[in-house]
Each structure stands twice: as C-alpha cells, then as structure tokens.
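Residue numbers run from 1 in the order of the sequence given. Worth knowing before you read on, the calculation uses all heavy atoms, side chains too, and leaves out hydrogens, waters and symmetry mates.
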Amino acid sequence: MASITIERTFFDPAEETSLFAYNAAFHELGLSWHWDYDTYRSLLAGAGEKNVICTYIETHQRHLLNAYDADFLIKAIESARAQCLENIKASGSQPGFSVNWAEVQRAEIGI
C-alpha cells in the first residue's frame, strides 16, 4: 500500500487555500500535477494570478498544447478550482495541510 505525504506549509491563508484548490482541481481532472509552495509563488511572481495556469503549461507541460487548446485547459482547471474553493468554504475548512494529490492518484492506480 502506497503512503500519502501530507505537507505542512506556512504562509498566507488565502494563498494556501488557493494552492490547495489548484492541487485538488488537478486531481479531479486526472492531471498528475502537484504545485508546492515554491512553484506556486514563482508562477504568481512570473505571471500573476490570471495567467498562472498558462505559464505553468507553457513552461512545464508544453506537450499538452499539441493535443489541447490552451484556453480549454485553463477554463477546465479554473472551473474545477472554483468548485474546489466552494467546497472548501462550504465545509468551513481552515487551511493548514497540503495533500500531494499526484501521490494520491498514483496510489489509486497502484503505481
């Protein structure tokens, strides 16, 4: 049985919630991506909130642009992220722990 790592991060609660929602959205969409704090901060610094996904795709997942339109990917991720944020807020969860959803995916498929 694979173990799942839960990392504790310390930074702005709004950023932490946003990062958690991105990682949860990636998991929901079947993307084996996981942004840690440093990756997220560097993407924000380089692109700003609006283009953070586009920047990541162009720099780390460019091969996906051969099969998918960038706007399609961005809209799908942002839609899933918005739903994850809604769920986080509705549950009254407080930020604090980060789950590596990519590890969860690998465990689900037995890698």
Residues that S42 engages under side chain to side chain donor-acceptor pair (under 3.5 Å), provided they are two or more places apart: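 S42 satisfies side chain to side chain donor-acceptor pair (under 3.5 Å) with no other residue.
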Listed partners of E86 passing side chain to side chain donor-acceptor pair (under 3.5 Å), at least two apart: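 Listed in chain order: nothing, the list is empty.
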Heavy atoms, side chains only, cut-off 4.5 Å: are [X] and [Y] in contact?
X	Y	result
I77	L31	yes
E78	I53	yes
L73	Y56	no
Y68	I74	no

Ring geometry between Y22 and W35 (parallel below 30°, tilted from 30 to 60°, perpendicular above 60°):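 Ring orientation, 0 to 90° scale: tilted.
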CD-CG distance between E58 and L65, expressed to the nearest 0.5 angstrom: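 Going from the CD atom of E58 to the CG atom of L65 covers 7.0 Å.
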Point-to-point distance, once rounded to the nearest 0.5 Å, from OG1 of T17 to NZ of K89: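 One gets 8.0 Å once the value is rounded to the nearest 0.5 Å.
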Side-chain donor or acceptor of S79 paired with backbone N/O of K75 under 3.5 Å: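 Pair absent, no side-chain N/O of S79 close to backbone of K75.
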Side-chain donor/acceptor of N51 to backbone N/O of C54, under 3.5 Å: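 A pair under 3.5 Å: no.
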Nearest heavy atoms of E15 and L44, plus distance in Å: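 Nearest heavy atoms, E15 then L44: OE2-CD1, 4.2 Å.
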For the student: nearest non-hydrogen atoms of N23 and W33, plus distance: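 Heavy atoms of N23 and W33 come nearest at OD1-O, 4.4 Å.
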side-chain contact (heavy atoms from CB on, under 4.5 Å) partners for A21, two or more places apart: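 Partners of A21 under the side-chain contact (heavy atoms from CB on, under 4.5 Å) test: R81, C84, L85, I88.
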Y40 versus S18, side-chain donor and acceptor atoms under 3.5 Å: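 There is such a pair between these side chains.
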